[in-house]
Asks: 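For reference, the structure I am asking about is given below.
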Amino acid sequence: MYHDFESYTITRRSFLKGAGAVGAAGLLAGCGGSSSGTAASASSASSGAAASGKGLSELFTYETSGREIESWNILYSQQAIDFNVTTNIIDGLISFDNYGKPVPALAKSWEHNEDSTVWTFHLRDDVDWVDMNGEVQDHLTSKDFLVGFEWVLNAKKNQASNTSMPSTTVVGAADYYDKTYAMDDAAAAALTCDDMLAAGVGIDAPDDYTVVFTCLNPCPYFDTVASYVCCYPAPPALVEKLGVEGFRGVDYTQQWCCGPYLIEEFVSDNSKRFIPNPHYYAADECSRFERVSLSMITDLTVGYQLYQNRELDELELSESTLTTITSDTSNAYNDQLCEKRPTKYAYDFHFNFHCLNTDGTPNENWNKAVANRAFRRCFQEGLNLIPYYARFNKINPLKCENNYYTMKGVCYNSKGTDYVDLVAKELGIDGEKYDGKTMVHLRKSTADSIAALKKQAMDELTAIGVTFPVKAPFFFVAGNTVAQDNATVLKQCFIDSFGDDFIQLDLGTYVSSLAKEVRIPKLHGFVINGWGADFGDPVNFVGQEILHDSNAYYAVNYSNIQLVAEDPADYQKELVDEFEQFTDLVNAANAIVDDTDARYEAFAKAEAYMINNSLAVPCYYDVRWCLTHVNEYTKINAMFGPCNLKYVNWETSEDAYTTAQYEEFAKAFDAAKS
């Protein structure tokens, strides 16, 4: 493939089908908030030394195959692959700046009462909905938020997507969801926002530009809930025009927009082009590119060729490309290698406890094995993942090590202690620090202890008919050589850690959609998937794994533990009991609403229980090296919400940034943040 690709020259124009525009790319540090200050001063304050006097008017970027947008309805989706696109065409109440601090968006200001139970958002009065041709269709008012909120809470409209956040925070939200869940489809579909208000749901629109939420309990983090898509607006006229099925499945040609960009062109699994929304309310308050051209590429190796040809302006580097560059001292890119910040996602091993074969019959061997605690603990205590981490960060692989389910930086107690430090204390690893040499969990494990755990698992499982090696179905996207190499290295990690007689990855491929081709048919033994915070509280992470909650994303969609719990086999009863205990711990923590420190302590105990029983196993953080013309430190960097890939206020340079410049950016960013 590589030779065929390199056998001819691809031009910037031919590859991206006519891309190109002239203009100036701005360099601001905040969008939708105050318009004071100049582009240069805002950029300098956020990132330190400037890299080039000239920025990019047009951005050429990419997404890898298998990560195509699946839903254009921002209220319905729960996937980053969708939000990375839709955040650029639809705004919410609140956005964030490059330090992760909340800034105004559709809401120009907000406040709460003394005990944080009532939150009032004051809307801008200059926001219009436009279609994909940039023609104004309607004016945005507070009613749009009522319509959007009713859509999210209506079980027959939004099908439980994004309901967990408002259901646990807003008065009457859970009851309204339960009411619609019990109704037949037609009756629920006929309900309107007036019916929701009549049912006592805690949202109100006292005038055209005010939205008020009333919380069940004191909720000092509700602004982070309001930043998420569960509180996004929906244009009433469009919902009425398309109907329930039509609006749920809306595509980009039908969608109305109130965000910074419109979709100029979309070719599925090929390309997208964004152009500025001519009626964007914050046009004078932030910078935008004159065009963003995004191409789907088969893998990062192809991306490297495109970057060399200036077909791309930024590129994360695969291990093989990073090796190619660093092994050649004369390579021109050696002084342009830039280490990125960790993304907002914590990646974990998510087991499937109800795995099926391709013919729909149960995969009994895997299901029996994964129900065994000692078997799962081997993932936690004995698996050396350093070679796998090197696939993402060859230079500093252990920067990718993750020992927690919740991402760092999501929330802090009254003493300023990161919540995950509380989890570390519960796990007994609070004294362990990064040393660049050994994974934290392997520091306490010995060859004998790992062998003993393996033997325990094999003995217990052999007694119930499990055959070895246990085949673990693991899938990657077809045609992506980087994903294939990642999977191959992961497979070897298991062999190197446990030998070839215990666990063996059974590698398979999917064409384009992991959800449709693997997850929904329940073919996976496990997946490695990342979760980023929707709002600033631990329940948003651990609450995705509990029983008896249809909004628990991973329990419903990945682990299938809720199916198992309905009628567990004898070998699954201990597993279900562990999940029941975990669920009780989470619910008990979530019931603490008047003492944030006590709440976080209780959640830390729940998370430690989950990790100690390996109900899910922490895997990695995404810390990559890149080549880039974009200053990463000027991008939105929030732990919450869908906004991080919004193409506004990016500082860019016609010249590639250097390693030294990025190190200065990092120092300046950290100094300003502290």
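Excluded from the calculations below are hydrogen atoms, water molecules and symmetry mates; all remaining heavy atoms, backbone and side chain alike, are included.
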Asks: In the structure I gave you, are the side-chain heavy atoms of Ile263 and Ile89 within less than 4.5 Å of one another anywhere?
Replies: yes
Asks: So how far is it from His112 NE2 to Thr117 OG1, rounded to the nearest 0.5 Å?
Replies: 10.0 Å
Asks: For Lys101, which residues count as a salt bridge (charged side-chain N to carboxylate O under 4.0 Å, His left out) partner, sequence neighbours excluded?
Replies: none
Asks: In chain order, what residues pass the salt bridge (charged side-chain N to carboxylate O under 4.0 Å, His left out) check against Asp549, with sequence neighbours excluded?
Replies: none
Asks: For Phe579 together with Phe353, are the ring centres under 6.0 Å from each other?
Replies: yes
Asks: Is the closest basic N to carboxylate O distance between Glu150 and Lys157 below 4.0 Å?
Replies: yes
Asks: If you measure from the Lys or Arg side-chain nitrogens to the Asp or Glu carboxylate oxygens, is any gap between Lys646 and Asp91 under 4.0 Å?
Replies: yes
Asks: Could you tell me if the ring centre of Trp531 sits under 6.0 Å from that of Tyr405?
Replies: no
Asks: For the pair Glu401 (side chain) and Val440 (backbone), establish whether a donor and an acceptor sit closer than 3.5 Å, ignoring hydrogens and angles.
Replies: yes
Asks: Please confirm whether the ring centroid of Tyr419 lies under 6.0 Å from the ring centroid of Phe603.
Replies: no
Asks: For residues Tyr221 and Phe535, establish whether the separation of their ring centroids is below 6.0 Å.
Replies: yes
Asks: Among Thr86, Asp82, Asn162, find the one that has a side-chain hydrogen bond (donor to acceptor under 3.5 Å, both in side chains) with Ser77.
Replies: Asp82
Asks: Is it the case that atom OH in Tyr609 sees more than 12 heavy atoms from other parts of the structure closer than 6.0 Å?
Replies: yes
Asks: Tell me yes or no: between the side chains of Asp251 and Trp72, is some donor less than 3.5 Å from an acceptor?
Replies: no
Asks: Any donor-acceptor pair under 3.5 Å linking the side chain of Trp119 with the backbone of Ser116?
Replies: yes
Asks: Give a yes or no answer on whether the side chain of Trp151 reaches the backbone of Pro233 with a donor-acceptor pair at less than 3.5 Å.
Replies: no
Asks: Measure across Glu517 and Val511 and return the closest heavy-atom pair with its distance rounded to 0.1 Å.
Replies: OE1-N, 2.6 Å
Asks: Does the side chain of Asn613 pick up a donor-acceptor pair with the side chain of Arg373 at under 3.5 Å?
Replies: yes
Asks: Does Phe392 have its ring centroid less than 6.0 Å away from the ring centroid of Tyr388?
Replies: yes
Asks: Has Glu68 got a side-chain atom pairing as donor or acceptor with Asp269's backbone, closer than 3.5 angstrom?
Replies: yes
Asks: For Glu601, what residues pass the salt bridge (charged side-chain N to carboxylate O under 4.0 Å, His left out) criterion, not counting sequence neighbours?
Replies: none
Asks: For a quick check under 3.5 Å, do Ser550 and Tyr177 share a side-chain donor-acceptor pair by atom type?
Replies: yes
Asks: Report yes or no: does Asn88 contribute a side-chain atom to a donor-acceptor pair with the main-chain N or O of Asn84 at less than 3.5 Å?
Replies: yes
Asks: Check whether any side-chain heavy atom of Phe247 lies under 4.5 Å from a side-chain heavy atom of Asn73, and answer yes or no.
Replies: yes
Asks: Taking C-beta and beyond as the side chain, do Asn393 and Arg624 meet within less than 4.5 Å on heavy atoms?
Replies: no
Asks: Taking atom types as modelled, is there a side-chain donor on Asn402 or Tyr347 under 3.5 Å from an acceptor on the other?
Replies: no
Asks: Would you say the rings of Tyr600 and Tyr412 are close, in the sense that their centroids are separated by under 6.0 Å?
Replies: no
Asks: With distance as the sole criterion, is a donor-acceptor pair present between the side chains of His548 and Glu580 under 3.5 Å?
Replies: yes
Asks: Could you label the plane-to-plane angle of the Phe274 and Tyr647 rings as parallel, tilted or perpendicular, counting under 30° as parallel and over 60° as perpendicular?
Replies: perpendicular
Asks: Spell out, as yes or no, whether a donor-acceptor pair under 3.5 Å connects the side chain of Lys408 to the backbone of Val420.
Replies: no
Asks: With ring centroids as reference points, do Trp366 and Phe375 lie under 6.0 angstrom apart?
Replies: yes
Asks: For residues Leu422 and Thr417, determine if any side-chain heavy atom of one lies less than 4.5 Å from a side-chain heavy atom of the other.
Replies: yes
Asks: Do Phe349 and Phe526 have ring centres separated by under 6.0 Å?
Replies: yes
Asks: Regarding Gln159 and Tyr76, is there a side-chain donor-to-acceptor distance under 3.5 Å anywhere?
Replies: yes
Asks: With sequence neighbours left out, which residue pairs that include part of residues 582-600 fulfil the salt bridge (Lys or Arg N to Asp or Glu O under 4.0 Å) condition?
Replies: Asp537-Arg599
Asks: Under the salt bridge (charged side-chain N to carboxylate O under 4.0 Å, His left out) test, which residues partner Lys399, sequence neighbours left out?
Replies: Glu339
Asks: What residue pairs, at least two apart or across chains, pass side chain to side chain donor-acceptor pair (under 3.5 Å) with a residue in residues 182-193?
Replies: Thr192-Asp195
Asks: Are Phe494 and Phe379, when compared by the centres of their aromatic rings, separated by less than 6.0 Å?
Replies: yes
Asks: How long is the span from the CE atom in Met407 to the CG atom in Asp418, to the nearest 0.5 Å?
Replies: 9.5 Å
Asks: Hey, would you say the Tyr510 and Phe476 ring centroids sit under 6.0 Å apart?
Replies: no
